[in-house]
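Only one structure is covered here, and it is reproduced in the block below.
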Amino acid sequence: MATQMTDGHRRFLQVLMSHGIMEGSVARTLHRDCCEIHKVYYAHDKLDDFINVVNIHLQPFFMQIRKGMSEDDGRTYYALVNLAETEISKMASDYTENELELFRKTMDVIIISESGFASSTNILNLADQLRTKKMKKKEAEQVLQNLVQDKWLSERDGEYTLHTRCIMEMEQYILSNYQDLVRKCNICHSLAIQSQVCETCGIGMHLPCAGKYFKAQTEPHCPHCNEFWPHEIPEINRPDSQVPSSAPRERRRTSSSGTRRR
């Protein structure tokens, strides 16, 4: 594989840097456009090889374009991540000390929760419990908006979870600091905040991974211990990209104690 960095690779990197994270279909279109504009060899199925060339040249800067998956819909994403630091301190240039503390406390609530989500009410109640400097709820609301805009959090119907970018960037930090609370998906082996969990052996699977794995099984069984899988299997309505249907969250929750969205 050629490892020469071309203007096509540089343009791809510049655009990704400006976005931070990019959905897979957008990245594929960008790959094609960069190759066509700069007359670089293009093959539609060689995006990962193209990115590997960029990553070779990013190594001295402790940066990497990483491939990940959205826990909500199973879509592929590409993000430019900083490998030099795995602490939340990498956000320090953009956020004040008490804003970072609010983010840490928000992450605590999200990861500890059964759903993988934290309500805005619970988060705002943390604002006057900060050790660094207490924050008014109006200020906390603005910080939450900024965290969503910067793709550290995702918000839906007044509830917050970790954005795909955050999980990709902070995976090692989360695994190290919440090792007794989080697990990796048994199928894709990536960090799983929202997942279904086997009641017998405790392995977890992302909802999109569970939907794909159990798609053809009439009686689903755990891939690890072979016990019956009692949870509702997410439907897949886009077999080409293996994306599960966007069912309302109430349908995704079940009363079973072993089922959770993380």
Side-chain angles (χ1 to χ4, degrees), residues 21 23 68-75 77 79 88 91 95 99-130 135 137 140-171 173-175 177-185 187-188 190-199 202-211 231-235 243-262:
I21 187 169
E23 198 265 329
M69 182 193 74
S70 166
E71 293 191 326
D72 279 335
D73 57 21
R75 295 177 188 270
Y77 281 82
I88 291 180
M91 300 164 61
Y95 295 92
E99 290 173 345
L100 288 176
E101 186 182 357
L102 180 63
F103 177 70
R104 290 189 191 96
K105 287 183 176 294
T106 299
M107 184 180 286
D108 289 344
V109 176
I110 289 171
I111 291 176
I112 291 171
S113 73
E114 287 293 314
S115 65
F117 281 79
S119 71
S120 57
T121 301
N122 287 344
I123 297 172
L124 294 176
N125 286 338
L126 299 171
D128 58 3
Q129 302 174 21
L130 303 180
M135 192 182 295
K137 290 191 176 181
E141 288 175 349
Q142 184 59 55
V143 173
L144 288 177
Q145 288 181 23
N146 293 341
L147 288 166
V148 170
Q149 183 176 334
D150 293 341
K151 300 181 176 68
W152 295 109
L153 295 177
S154 293
E155 185 273 336
R156 186 172 62 199
D157 300 330
E159 291 197 315
Y160 293 82
T161 190
L162 302 183
H163 194 280
T164 303
R165 175 200 175 184
C166 179
I167 295 174
M168 293 170 70
E169 182 109 8
M170 300 283 190
E171 179 170 356
Y173 173 87
I174 294 171
L175 288 171
N177 288 272
Y178 300 93
Q179 52 186 319
D180 295 329
L181 296 171
V182 296
R183 56 178 53 81
K184 288 191 174 183
C185 174
I187 303 300
C188 71
S190 296
L191 174 65
I193 302 299
Q194 303 174 47
S195 68
Q196 292 182 341
V197 179
C198 177
E199 297 174 348
I203 64 107
M205 285 192 280
H206 289 121
L207 298 180
C209 292
H231 314 307
E232 179 183 358
I233 307 305
E235 295 180 2
V243 178
S245 62
S246 54
R249 190 175 314 144
E250 289 73 20
R251 290 186 59 195
R252 288 183 171 179
R253 299 180 193 264
T254 74
S255 59
S256 171
S257 60
T259 305
R260 60 182 64 186
R261 292 196 62 197
R262 31 173 283 253

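Because only heavy atoms are used, hydrogens play no part in the values below, and waters and symmetry mates are left out as well, while side chains stay in.
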Please enumerate all residues that pass side-chain hydrogen bond (donor to acceptor under 3.5 Å, both in side chains) together with Glu171, with sequence neighbours excluded. none
Between atom CZ of Phe103 and atom CG of Leu162, what is the distance when rounded to the nearest 0.5 Å? 6.0 Å
Looking only at atom types and distance, does a side-chain atom of Asp150 sit under 3.5 Å from a main-chain N or O of Trp152, one as donor and one as acceptor? no
For the OH atom of Tyr77 and the NE2 atom of His163, what is their distance to the nearest 0.5 Å? 6.5 Å
Interatomic spacing from CZ in Arg104 to CG in Leu130 - rounded to 0.5 Å: 10.5 Å
So CD of Glu155 and CD of Gln145: to nearest 0.5 Å the spacing works out to 9.5 Å
What's the separation between atom CG in Leu124 and atom CE in Met135, rounded to the nearest 0.5 Å? 10.5 Å
All heavy atoms of Leu207 vs all of Pro234, minimum pair found to be O-CG, 3.4 Å
Could you pull out the closest heavy-atom pair between Ala192 and Cys185, with the gap in Å? CB-N, 4.1 Å
Over all heavy atoms of both residues, which pair between Ile187 and Cys209 is shortest? Give the atoms and the distance, please. CB-CB, 3.9 Å
Would you say Arg183's side chain and Gly202's backbone share a donor-acceptor pair under 3.5 angstrom? yes
Scanning both residues in full, the closest heavy-atom pair of Thr164 with Ser70 reads OG1-CA, 3.5 Å
Any side-chain heavy atom of Leu102 within less than 4.5 Å of one from Tyr95? no
Main-chain N/O of Gly116 paired to Glu159 side chain as donor or acceptor, under 3.5 Å: no
Nearest 0.5 Å, what's the CD1-CG distance between Ile123 and Asn125? 10.0 Å
Considering all heavy atoms of both residues, which atom of Ser113 and which atom of Ile110 are nearest to each other, and what is their separation? OG-O, 2.7 Å
Run through His206, Met69, Lys184 and flag the one making a side chain to side chain contact (heavy atoms under 4.5 Å, CB included) with Ser190. His206
What's the shortest heavy-atom distance between Met107 and Tyr173, and which atoms? SD-CE2, 4.0 Å
